[in-house]
Number of protein chains: 2
Amino acid sequence: MTISYIAETAGVSIPTVSKVINGRSGVSPDTRARVEALISEYGYRKVNRRNMMELVFGELEDMWGIEVIRGVERVAREHRVGVVLTEFGPRRDTGEHPIDETLARRPACVVTVAQLSEEQRDQLRAKDIPFVVFDPTTELPDGVPFVGATNWAGGRAATRHLIELGHRRIAMIAGPDRVLCCRARLDGYRSALEAAGLSADPGLVVRTDLTREDGRTAAIGLLNRAERPTAIFACNDLQALGVYQAARELGLRIPVDLSVVGFDDLPITALVDPPLTTVHQPLTEMAAAATELALALGRGEETPQVGLELATTLTVRESTSPPVCPPE
Amino acid sequence: MTISYIAETAGVSIPTVSKVINGRSGVSPDTRARVEALISEYGYRKVNRRNMMELVFGELEDMWGIEVIRGVERVAREHRVGVVLTEFGPRRDTGEHPIDETLARRPACVVTVAQLSEEQRDQLRAKDIPFVVFDPTTELPDGVPFVGATNWAGGRAATRHLIELGHRRIAMIAGPDRVLCCRARLDGYRSALEAAGLSADPGLVVRTDLTREDGRTAAIGLLNRAERPTAIFACNDLQALGVYQAARELGLRIPVDLSVVGFDDLPITALVDPPLTTVHQPLTEMAAAATELALALGRGEETPQVGLELATTLTVRESTSPPVCPPE
DNA sequence: CTGAAAGCGCTTACAG
DNA sequence: CTGAAAGCGCTTACAG
């Protein structure tokens with residue numbers, strides 16, 4: 001399957017086919033359509049480049065990496081595009097930065113879970129490789145394409161669920177302020193409290209890292225307060241599992257003595273005892289959307305939306321129930 | 001970086017450099033060495049092919065896919081080889097099989113977690129693409145390269161651990177007989193019992209699928225027997241988590257009333273309550289070894305070993321203890 | 001063993 | 001908008 005065969009069959013010259021394939025101007029719509037029809041009929045594919053895209057991770061996450069990969073794979077397969085998987089994180093030692101290798105491969109587009117630096121983004125732009133940032137953790141300049149989740153709405157929904165169950169003293173284990181999605185979840189929590197006419201007690205908000213151990217420590221602090229919270233909303237599922245540990249150590253039963261809500265809906269949360277009520281992030285769909293967007297940009301299409309957030313949903317399981325003796 | 005630049009610098013003709021790069025004959029050792037030195041000095045790489053390898057999954061596994069990917073990534077990065085990730089499983093609808101796309105990409109080599117058919121293996125051989133089977137589930141013909149784990153030894157170690165704790169009525173929830181690693185684990189269990197002079201009660205072995213739900217059902221059956229086993233060895237961690245469910249439902253405490261051992265050491269097993277004693281499969285190291293092997297085959301090297309199994313190790317956590325009243 | 005020559009698939013600059 | 005012409009990077013067949 002060569003350009004010359006396509007050209008002969010279409011009754012046009014080789015350069016014309018070349019232009020169509022590379023999306024250049026200077027071809028009439030008619031001719032373009034005819035050539036494109038033949039290209040898809042014969043399954044012609046450029047050998048050198050542009051039938052590959054790249055999925056870049058900072059570090060492959062144990063818990064949710066697979067769901068992202070699955071979404072990217074699905075869409076890439078539909079478009080007959082191969083996916084090169086790259087991990088940036090673990091090595092800084094060798095002189096060459098992994099981004100150089102990504103650049104050298106000239107992928108059709110990049111979906112990046114890693115937070116690229118301004119410089120790295122410029123490098124990609126310079127090589128005309130469009131990219132989409134997956135679930136950005138920091139504020140991005142306008143015009144940088146991204147796909148995220150509705151973190152604020154998720155935090156709000158989780159908190160409202162607890163309020164509707166009758167909880168009044170609802171604590172939050174929040175994440176680091178520098179991580180954008182953590183701030184959004186915290187603000188969602190506050191917003192739900194405010195909407196319900198409840199005052200947010202600053203003493204019931206603890207900022208800590210997104211690990212199980214930090215969740216445990218924070219929960220122990222909260223649960224040892226004079227007026228114990230009846231519910232804890234954790235910024236992510238790992239922290240929520242730390243709350244489980246703390247509750248066990250303090251002899252508190254979930255959900256009878258303490259309701260717990262997490263965030264992320266990791267596969268493991270359905271398997272713990274009791275199964276965790278948590279805010280579901282549609283990671284696979286987010287990854288699929290990011291890939292569609294990146295591929296569209298790679299084809300040079302004008303996309304109406306370069307940034308979007310997909311809706312989170314509350315998955316109610318068994319770690320939440322009405323408080324035993326409603327306070328106040 | 002072009003062939004002509006290398007040729008000029010080396011003081012040879014372009015065809016000569018081309019021959020060196022493609023590993024063809026008709027170049028003197030001297031010339032070849034000189035050209036190769038320049039190629040590695042300037043980091044010249046063929047654009048078309050052979051700086052990519054392919055990692056093929058049947059279906060991306062929630063629980064351990066990431067660990068495999070991580071091992072492959074690490075080694076591929078060291079060798080400056082990109083990794084294309086492909087998922088075979090979920091689609092049969094489109095006429096073209098994913099293997100065709102893998103073949104069309106002409107990777108330097110393939111590491112496959114999917115069980116390839118004889119025909120698919122032949123296709124790869126025909127295109128001169130070497131491959132290594134990761135953790136084969138069925139018997140492979142001699143000479144097919146593979147990397148697995150010592151399943152028999154793992155099953156033996158798990159069972160011996162229970163025997164050493166004083167257990168005598170040790171049940172096993174085994175996997176399907178057609179899956180090779182399940183048979184090996186079962187035989188390891190039997191072998192440990194025999195070595196300890198214990199008779200294997202066939203009534204204490206249940207064959208079922210490798211899911212949590214099947215583990216739960218099997219465990220309920222076992223725990224309702226007149227002479228209840230004091231320990232259960234499950235063929236994988238998901239089944240072991242099903243045993244946890246069953247124990248909870250029957251009001252049995254782990255490990256006081258029942259010891260449980262799993263197999264795989266999924267990340268989640270450290271997080272459940274109590275943390276699960278399980279046989280660790282070195283998935284990342286297995287993946288790294290498979291990749292080293294595949295890349296070596298791709299370079300046309302003679303490798304001393306085309307099949308190997310990496311050692312499993314027993315990870316003792318808190319789901320095993322001596323039986324409360326040792327039977328007999 | 002070496003490289004001049006022909007050729008392949010593709011792109012680019014430009015004349016019409 | 002179209003394609004003849006020149007050119008690029010590489011490979012192949014073959015003369016020396």
Between D/dG7 and D/dG3, how far is it from one C1' atom to the other, in whole Å? 16 Å
Tell me if a side-chain donor or acceptor on A/Arg34 pairs with a main-chain N or O of A/Gly11 at a distance below 3.5 Å. no
OP1 or OP2 of C/dG3 less than 4.0 angstrom from a side-chain nitrogen or oxygen of B/Thr16, does that happen here? yes
Atom CD1 of B/Ile21 to atom P of D/dT11: distance rounded to whole Å? 6 Å
Looking at D/dT2, I'd like to know if its phosphate oxygens (OP1 or OP2) sit under 4.0 Å from a side-chain N or O belonging to A/Thr31. yes
Does B/Gln115 use its side chain to pair, donor to acceptor, with the backbone of B/Thr137 at less than 3.5 Å? yes
Without decimals, in angstroms, what is the distance between B/Ile3 CD1 and D/dT12 C1'? 13 Å
Do B/Glu67 side-chain atoms and B/Trp64 backbone N/O form a donor-acceptor pair below 3.5 Å? no
For C/dT2, does either OP1 or OP2 sit under 4.0 Å from a side-chain N or O belonging to B/Ser28? yes
Is the distance from OP1 or OP2 of D/dG9 to the nearest side-chain N or O of B/Thr2 less than 4.0 Å? no
Out of D/dG3, C/dA5, D/dT2, which nucleotide sits closest to the side chain of B/Pro15? C/dA5
Let me know the distance between OH of B/Tyr5 and P of D/dC10, rounded to the nearest Å. 14 Å
Sequence neighbours excluded, the answer for side chain to side chain contact (heavy atoms under 4.5 Å, CB included) partners of A/Pro282 is A/His280, A/Glu285, A/Met286, A/Leu310
Report yes if at least one side-chain N or O of B/Ser13 is closer than 4.0 Å to OP1 or OP2 of C/dA4; otherwise report no. no
For the backbone of A/Thr312 and the side chain of A/Thr150, can you confirm whether one donor and one acceptor N or O come within less than 3.5 Å of each other? yes
Between C/dG9 (P) and A/Ile14 (CD1): distance, integer Å: 9 Å
Consecutive Watson-Crick or G-U pairs in runs of at least 3, all under 3.5 Å, in which DNA chain D is involved: C:1-3 with D:14-16, C:5-12 with D:5-12, C:14-16 with D:1-3
Donor-acceptor pair, A/Thr284 side chain versus A/Gly71 backbone, under 3.5 Å? no
Phosphate oxygens OP1/OP2 of D/dC10: is one of them under 4.0 Å from a side-chain N or O of B/Ser18? no
Check the distance between D/dG9's P and B/Lys19's NZ and give it to me in whole angstrom. 20 Å
Pairs involving residues 111-120 of chain B, ordered by first then second residue, that meet salt bridge (charged side-chain N to carboxylate O under 4.0 Å, His left out) (sequence neighbours left out): B/Glu118-B/Arg121, B/Glu118-B/Arg125
According to a strict under-4.0 Å criterion, is A/Arg24 in side-chain N/O contact with OP1 or OP2 of C/dT11? no
